Amino acid sequence: MTGAAVVEDASALRVGINAIALLSPRTGIGQYVYQLSREFLSMPSVSPLFFYGTKWAKELRSTPIENIDRMKSAVKSTLRCPYALLRTGLQVGFTTGLWRHTLDLYHDPNFLAYRFSGPTVITVHDLSWIRHPETHPKERIAAMERYFPRSLERASRILTDCDFVKQELIEVFGVAPARIHPVLLGVAAEFSPRPAVACAEALAAHGLEFGHYFLSVGTLEPRKNITSLIDAFSMLPEDLQRRYPLALVGMRGWLTSGIEARIRPLVDKGVVKPLGYVADEQMPMLYSGAAAFVFPSLYEGFGLPPLEAMACGTPVLASNRSSLPEVVGDAGVSLDPLDCEAWAQAMRRVIEDGDFAADLAARGVARAQGFTWRRTAEETLAVYRRAMA
C-alpha cells in the first residue's frame, strides 16, 4: 500500500472507486486508476474509498499481488464460465462491504459497473472489442457484450479519455452526447528527460545503450500491431538493426503465438529484445534513452506510452488512427499503422537526421506539459458533481 495520507474533510465527496486493476501489474487502466486516485488523496474536496474485490479500504495499493497472473490462469483453466462466477462473487463483496461504509457516488474506471443504489460514473476507454474483435479472445468479447450495455444503463455520467471515444459511443450505442464527458489523461511528473548517466544502470540491466535503440511499450496483443512494426524494422539495413535494436516492453497478453513466431528469428539474432514487464521506476530511463519511440497501434482510447515518451524528450512515431492524433498532435510523426515502408523510412530518418530528431524531442516535451493528472482529477471531480446533481 502507498504511504500517502488521506486528507479528511467533513464536506468531502465520498467516492467509491473500483481499484481491482491495482491487484495486477499496472498497465494502461491500472495507471489511470492509480494516478487519478493518488491525486484525489491530496485533494480535501474528495474522500476516496477503494474496492479491492474482497474488501474496501482507504489505502491506495501501489504494488500488485505476487503471482496474480498465475492465479488468474489457474482459475480460468479449472472453472466453467469463470468470468461470470467471478463477477457474481465480486458483486457480493462489493455490496456487503458497503454495509459498513456510506458513499455519495461510485466510479468504475474499468468499463463495467457493479450494481449500486446511488449515482454511478463509469470510464469507457475504448470500443476495441467491437471495432477490432479479431484482436480479443472470444471469452472477453462475450463478457463485454453481456455486461457493458447494463453498465451504460446504470451510469449517471460516462467518462472517456478523449473526444474520439465519445463519438464512438454516440455512433455505436446511441448514447446521448450530454451524458458523455471527455477528460484527457495526464503524465506523471516522474516522466522527464534524463541524461545518459542517470539512465546507465537501468539500460545496462537490459543490454541497451543510451541513444541506440528503438522502444515500443504495450501489452503484447494483436491490437498493438507489433507484427507490422517488426516488418518495418526488418526493412532497415542489418547494420542499423545491430546498432539500433528494437526493445519491446510489455507483458504477454493474448493471441500472441503469431507475434512470438514473427519476432523469434530477430530475437535469436539479438536485434529484437523482448523485455517483458518493466517496473514503473525504470520506465523514465528507458524512454529517455531511446533514439525513438514507435507505437503503431491499430486502435487506442488514449495511448499513455506516446505521451510518456514525449515527456521524456524522446522522438515519437505513432499511428494516425483512433485517439492518437489527439494525444500526439504535431509533436510527433503520425503514420498509417499498416504502411511498413513509411515506418521504416521514418525510423531511419530519426536516427540519421539529428536536427529532425531534436525538433521532435523539443515539441514532444512542450506538448506533454499540457497533460497533468491534477487536471484530470479536477475535471473528473466536476463530472462527479454533475452526476450528483
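Values reported hereafter were calculated over all heavy atoms of this structure, with side chains retained and with hydrogens, waters and symmetry mates removed. Since the model is a prediction, treat every value here as computed from it, not as a measurement.
At least one side-chain heavy atom of L184 sits under 4.5 Å from a side-chain heavy atom of F371. Looking at R179 and S156, their side chains never come closer than 4.5 Å, going by heavy atoms from C-beta outward. Between S297 and N225, the closest side-chain pair of non-hydrogen atoms is not below 4.5 Å.
The distance between the ring centers of F116 and F51 does not fall below 6.0 angstrom. In this structure, the ring of F94 has its center less than 6.0 angstrom from the ring center of W56. Aromatic rings of F148 and F173 (six-membered ring for Trp) have centroids within the 6.0 Å cut-off, being under it.
Checking side-chain atoms of D355 against main-chain N and O of A357 turns up no donor-acceptor pair under 3.5 Å. No donor-acceptor distance shorter than 3.5 angstrom exists from the side chain of S47 to the backbone of L13, with no hydrogens or angles considered. In terms of modelled atom types and a separation under 3.5 Å, the side chain of R367 and the main chain of A311 share no donor-acceptor contact.
By the 4.0 Å N-to-carboxylate-O rule, R262 lies close enough to D231 to be salt-bridged with it. Electrostatic pairing of R264 and D268 does not count as a salt bridge here, judged by no charged N lying under 4.0 Å from a carboxylate O. In summary, E379 and R157 do not engage in a salt bridge, as defined by a charged side-chain N under 4.0 Å from a carboxylate O.
Note that R131 lies outside the cation-pi zone of Y299, set by a 6.0 Å cut-off to the ring centre and a 45° limit from the axis. Figure legend: cation-pi geometry between R87 and Y114, with NZ or CZ positioned under 6.0 Å from the six-membered ring centre and within 45° of its axis.
If you run side-chain hydrogen bond (donor to acceptor under 3.5 Å, both in side chains) between E300 and each of H125, R321, K224, only K224 comes through.
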